[in-house]
Amino acid sequence: MSDAFTEFLSRLRPSPGQIEQISKRRTRLNELIQRNWKPAKIIPIGSHARGTAILPLRDVDQMVVLNRPGSEEPAVDELLRELLTQLRREYPEVSARVQNRSVGLHFVDFGLDVVPALERRQGGFRIPDAEARRWIYTDPIKHEELAKEKNRLTDGMAVDLVKTLKVWNGNRSVGLKSFHLEVMALRAIGQKPTSFAQGLRDVLLAVAGTVGSPCGDPGLSGGRLDLYLDEPRRRAVAGHCKSAADEMGLAIREDAGGRSSHAVARVRTLIGSPF
């Protein structure tokens with residue numbers, strides 16, 4: 001069964017051509033931003049930067065830290081419109097629009113999301129929230145540090161477990177938001193499991209037990225990632241996770257008993273394409 005997981009995980013990684021395309025688009029965008037905005041820094045953020053993105057790739061995020069003195073906060077609407085205007089001027093062939101916390105460039109294959117930000121003296125960043133028409137706190141660097149630390153503890157297994165859970169969550173309509181699932185999974189991982197299959201079962205059981213509880217932002221913003229779930233949905237998600245963990249347990253026993261083809265078929269039914 002381990003070979004089947006290895007092959008499956010290889011299908012979730014961007015191809016060399018996609019990696020090259022991401023690099024080229026980032027470089028062009030960064031040159032434009034540097035020329036027109038002269039930011040303090042540009043930071044890759046989001047699931048692609050954390051290594052937890054899955055295919056098909058939808059977007060790649062860049063946080064543009066503005067070079068603004070003191071505590072000056074430009075109006076959210078004006079800043080996003082200004083950024084949109086400049087991006088449309090530079091990318092006339094690409095669809096661009098203001099999103100809640102970014103301006104998105106929507107290419108045919110995947111998009112670039114440009115997130116303007118202001119650095120806080122206390123640490124972290126403020127980013128625009130167009131719906132609330134105000135600046136909110138975030139710290140994507142701490143998000144990335146969590147993924148890196150858990151990956152270090154598991155010899156690189158943690159982010160692959162997260163990606164597998166994201167595929168399962170999407171294919172089986174479990175109903176969890178991607179980042180919420182990622183944070184619950186990473187917090188549940190303590191050390192390298194005896195096998196990838198055992199690790200997947202353990203994390204599913206852990207998420208089943210924690211989805212009913214508040215889930216704070218690892219960036220220490222004080223916000224919660226779970227507020228979109230009401231109690232019936234929490235119970236339903238916990239049931240999905242428990243059933244999936246039970247299926248993984250059966251697959252592990254089948255594999256140990258020499259029935260590897262049955263185990264692989266069971267996991268394929270559980271996770272779905274592209275397993």
Side-chain angles (χ1 to χ4, degrees), residues 26 33 39-54 57-68 70-74 76 79-80 83 98-104 111-154 156 158-163 165-166 169 176-190 203 206-207 210-229 234 237:
R26 274 182 163 164
I33 295 295
K41 63 186 81 170
I42 301 174
I43 305 172
I45 61 171
S47 59
H48 181 74
R50 296 191 300 272
T52 59
I54 59 174
L57 189 64
R58 292 188 299 176
D59 51 58
V60 174
D61 302 325
Q62 294 282 85
M63 187 167 72
V64 177
V65 183
L66 304 177
N67 203 352
R68 300 283 175 124
S71 58
E72 176 190 353
E73 289 186 352
V76 165
L79 178 70
L80 290 173
L83 179 56
V98 170
Q99 300 167 152
N100 190 34
R101 295 172 184 173
S102 64
V103 174
L112 287 175
D113 284 354
V114 186
V115 184
L118 300 169
E119 195 159 12
R120 299 171 75 242
R121 291 174 180 169
Q122 311 94 310
F125 304 88
R126 289 167 290 164
I127 62 172
D129 186 312
E131 292 180 1
R133 302 186 72 179
R134 63 186 179 90
W135 291 81
I136 61 172
Y137 174 86
T138 189
D139 196 343
I141 293 175
K142 289 191 180 298
H143 300 163
E144 187 173 348
E145 286 173 351
L146 174 64
K148 283 183 175 179
E149 174 62 12
K150 295 296 182 163
N151 222 30
R152 183 189 65 80
L153 292 173
T154 59
V159 296
D160 284 340
L161 287 169
V162 168
K163 289 192 285 189
L165 287 169
K166 287 184 177 183
N169 179 56
L176 286 169
K177 290 188 175 181
S178 181
F179 187 53
H180 180 204
L181 173 58
E182 177 175 332
V183 170
M184 286 192 293
L186 289 174
R187 284 175 171 163
I189 296 169
V203 174
V207 172
T210 59
V211 71
S213 302
C215 181
D217 174 13
L220 305 178
S221 68
R224 283 173 53 183
L225 307 179
D226 62 296
L227 294 177
Y228 66 99
L229 292 172
R234 292 177 192 271
V237 169

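We count residues from 1, following the sequence as given.
- The residue from I43, I45, V115 that alone fulfils the side-chain contact (heavy atoms from CB on, under 4.5 Å) condition with P140 is I45.
- Remark: R58 pairs with no residue by the side-chain hydrogen bond (donor to acceptor under 3.5 Å, both in side chains) rule, at least two apart or across chains.
- Among residues two or more places apart in sequence or in another chain, the ring-ring contact (aromatic ring centres under 6.0 Å, His included) test is passed with F179 by H143.
- Sequence neighbours left out, the pairs with a member in residues 215-226 that pass salt bridge (charged side-chain N to carboxylate O under 4.0 Å, His left out) are R224-D226, D226-R234.
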Dump the intermediate steps for side-chain contact (heavy atoms from CB on, under 4.5 Å) on V162 and V203, then the final yes or no.
CA-CA 9 Å; V162 168; V203 174; over 6 Å; no
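- Contacts of K150 classified as salt bridge (charged side-chain N to carboxylate O under 4.0 Å, His left out), with partners at least two apart in sequence or in another chain: none.
- Here CD1 of I189 is found 5.0 Å from CG of L161. Values are rounded to the nearest 0.5 Å.
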Do L225 and K177 pass the side-chain contact (heavy atoms from CB on, under 4.5 Å) test, and can you show the C-alpha distance, the side-chain angles, and the key distance before you say yes or no?
CA-CA 9 Å; L225 307 179; K177 290 188 175 181; over 6 Å; no
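- Counting only residues at least two apart or in different chains, salt bridge (charged side-chain N to carboxylate O under 4.0 Å, His left out) contacts with residues 39-51 comprise K41-E119, R50-E182.
- With sequence neighbours excluded, the residues that form a side-chain hydrogen bond (donor to acceptor under 3.5 Å, both in side chains) with K148 are E144.
- Every residue two or more places apart in sequence or in another chain that forms a side chain to side chain contact (heavy atoms under 4.5 Å, CB included) with D129 is listed here: N100, R101, E131, A132, I136.
- Remark: R120 pairs with no residue by the side-chain hydrogen bond (donor to acceptor under 3.5 Å, both in side chains) rule, at least two apart or across chains.
- By the salt bridge (charged side-chain N to carboxylate O under 4.0 Å, His left out) test, E145 pairs with no residue at all, sequence neighbours left out.
- Considering only residues two or more places apart in sequence or on other chains, H180 meets the ring-ring contact (aromatic ring centres under 6.0 Å, His included) condition with Y228.
- Side-chain contact between F125 and L118 is absent, with no heavy atoms from C-beta onward closer than 4.5 Å.
- Closest approach of G216 to V183, counting heavy atoms only: O-CG1, 4.3 Å.
- The heavy-atom pair separating D139 from G219 by the smallest distance is CB-O, 3.7 Å.
- Not a single donor-acceptor pair under 3.5 Å links the side chain of Y137 to the backbone N or O of G223.
- Atom CG of residue L146 and atom CG of residue N151 lie 10.5 Å apart, to the nearest 0.5 angstrom.
- In this structure, the side chain to side chain contact (heavy atoms under 4.5 Å, CB included) partners of D59, at least two apart in sequence or on a different chain, are D61, D113.
- For the atom pair CG (L186) and OG1 (T52), the distance works out to 7.5 Å, reported to the nearest 0.5 Å.
- For S102, the side-chain hydrogen bond (donor to acceptor under 3.5 Å, both in side chains) criterion is met by Q99, not counting sequence neighbours.
- Not one N or O on the side chain of K166 forms a donor-acceptor pair closer than 3.5 Å with the backbone of S178.
- Between L80 and P128, the shortest heavy-atom distance links the atoms CD2-CG, 4.0 Å.
- P39 has its side chain out of reach of V65: every pair of non-hydrogen atoms, C-beta onward, lies at least 4.5 Å apart.
- Within the 4.5 Å cutoff, the side chain of L229 has heavy atoms near those of the L176 side chain.
- The shortest heavy-atom contact between L79 and P74 is CD2-CG, 4.3 Å.
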